Amino acid sequence: MSENENKSATGIDEDTIRFFVWSVWNFFQSSTGIEPEVGTPYLFDSFDHDDYTGIIGVSGNQRGAVYFTMCRELLDSIISKNFPELEKEECSEEQYEEMRNDYAGEMTNIVSGNVRNYLGEQFLISVPVVVTAKDTAMRMTQSTHGIIFPVTWNGFRCHLILSLENNAQTNEHDILERVL
Amino acid sequence: MKLLIVDDSAMIRRSINTAYKGSLFTQIETAADGLLAVTIFKQLLPDVVTLDITMPHMDGLAAMSQMLEIKPDTAILVISALADHHTAIESLARGAHQFICKPFTAEELREALDDIIKNRVPATVEKQDTEVDAELKKTMAQLTTASTQVTQKVPSPEEYPSGYVQPPAVPEAAKAAFDAVKSQRPLTELHSLSPKPKA
């Protein structure tokens, strides 16, 4: 049996998907004034990292991770839009790289944190971690499929990926496995 | 006034710093986590702090408790991505003056900071108020004791010496004023009882 066959359908409900769509839309709209287009979310088994990926660990009433992967050009565009004064400053490539990493993490943090408005305080999130691993396969930590949200902002593509499962469901599943 | 910006995101620190550089704040310092923030706080003793919640080493709520123990009159603005009501209420209950959600606009930040600066009551003023209240109560107690002693010493009409002329009756306004002092009524009421100057 392949790894994909072992995976169950995602436990994420329709409302959770709506909240994340709203959260992504709200982030771009509020922080840049430019509305993004959030495409129809779909299930996926494998996906490759783009230039930068912000990762937030989730615990509490859900378990898993939120990934926000994006290209360098998108980050540069958002940063220059929010900090136009940077063009006058003489920033080294190293400093720019730090800013891109920082912004990728903060974007993931804001999008994940904002959904607590709907999912409640038991949707616990970690501090963000950023990886730069373009074209390498993204490995899901969960036994469920991931849900991917394609996003287009200002002509650039990025993807929000949810790999979550209900913690109560997990426990029931674990118990059943032990019993059987 | 001094400002301390606490956030693990350099871009957030930068955006707040840029918005307030050269403004009413004479000194602006930044910290990337709660632990470092408390260390800087002890030295800087800022008047205003902007504080993120989800941070490495020590979260914002724990840092806020420590900061308020050191300097209770610090005005704290929590700026967090955690948009649920529980987090907002807990932040305010623990001593934050305002709570705004990320992502925020420059106008939202300015409004929130202006609001907490405007409504800030320094602890020194609160302490002075408490001291004045205590002094006032002490004086009132002395006045009540003295007035009782005076009343006890006043002879009855039968004890008046011969040739004594009874003084005019105490004006009603004066009686009311004395009663007001005894019952610690506000001074504004005493002013209203005072005889009006003749035109």
Side-chain angles (χ1 to χ4, degrees), chain A residues 19 22-33 54 56-58 60-61 66 68 75 78-86 88-89 91 95-130, chain B residues 5-22 30-37 50-63 78-94 99-109 111-112:
Chain A
F19 302 149
W22 170 83
S23 192
V24 170
W25 186 90
N26 182 56
F27 171 78
F28 284 106
Q29 164 64 22
S30 302
S31 57
T32 68
I56 293 272
V58 176
N61 56 12
V66 176
F68 206 168
L75 281 169
I78 290 188
I79 290 169
S80 67
K81 192 151 189 59
N82 279 295
F83 304 97
E85 75 277 6
L86 281 173
K88 293 174 195 164
E89 293 177 24
C91 290
Q95 286 171 309
Y96 265 112
E97 191 61 15
E98 270 180 33
M99 285 185 233
R100 289 180 198 118
N101 273 291
D102 184 90
Y103 216 93
E106 192 58 18
M107 280 170 72
T108 319
N109 176 47
I110 290 173
V111 168
S112 307
N114 278 190
V115 295
R116 276 176 46 130
N117 193 19
Y118 303 100
L119 299 181
E121 71 270 15
Q122 283 308 309
F123 184 76
L124 304 176
I125 60 170
S126 72
V127 291
V129 173
V130 178
Chain B
I5 302 165
V6 188
D7 202 299
D8 57 342
S9 164
M11 304 308 277
I12 298 288
R13 296 198 301 272
R14 187 185 183 101
S15 65
I16 301 171
N17 199 341
T18 307
Y20 279 88
K21 215 172 189 175
T30 61
D33 63 66
L35 207 56
L36 182 62
T50 68
L51 190 62
D52 186 16
I53 293 181
T54 312
M55 291 185 291
H57 308 309
M58 182 191 285
D59 73 21
L61 294 179
V78 172
I79 304 176
S80 174
L82 306 179
D84 58 293
H85 296 294
H86 179 265
T87 305
I89 289 166
E90 194 180 351
S91 303
L92 296 171
R94 287 207 193 188
F99 181 96
I100 61 169
C101 276
K102 295 176 186 174
F104 56 87
T105 61
E107 289 75 33
E108 285 168 340
L109 173 69
E111 267 180 32

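Please read all numbers here as calculations on a predicted model, not as lab measurements.
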Closest heavy-atom contact between B:D8 and A:D102? O-OD1, 3.9 Å
The reported gap from CD1 in A:I110 to OG1 in B:T54 (rounded to nearest 0.5 angstrom) is 11.0 Å
Any chance you could lay out the side-chain contact (heavy atoms from CB on, under 4.5 Å) test for A:M107 and B:M11, step after step, and finish with the verdict? CA-CA 11 Å; A:M107 280 170 72; B:M11 304 308 277; over 6 Å; no
If one checks every heavy atom of A:S126 against chain B at 4.5 Å, the contacting part turns out to be backbone
Using heavy-atom distances under 4.5 Å, tell me whether B:S80 contacts chain A through its side chain, its backbone, both, or neither. neither
Heavy-atom closest pair, residues A:N114 and B:K102: ND2-O, 3.0 Å
Side chain, backbone, both or neither: which part of B:S9 has a non-hydrogen atom closer than 4.5 Å to chain A? both
Separation of A:N109 CG from B:D7 CG (nearest 0.5 Å): 8.5 Å
Structural part of A:I125 lying under 4.5 Å from a heavy atom of chain B: both
Relative to chain B, which of A:Y118, A:F123, A:Y103 shows the most heavy atom pairs under 4.5 Å? A:Y103
For B:E90 and A:E121, what are the C-alpha separation, side-chain angles and deciding distance, and is it a side-chain contact (heavy atoms from CB on, under 4.5 Å)? CA-CA 11 Å; B:E90 194 180 351; A:E121 71 270 15; over 6 Å; no
So what's closer than 4.5 Å to chain B heavy atoms on A:N26: side chain, backbone, both or neither? both
Considering all heavy atoms of both residues, which atom of B:P103 and which atom of A:F27 are nearest to each other, and what is their separation? CG-CA, 4.0 Å
Okay, A:Q29 and chain B: the region with an atom under 4.5 Å from a heavy atom over there is neither
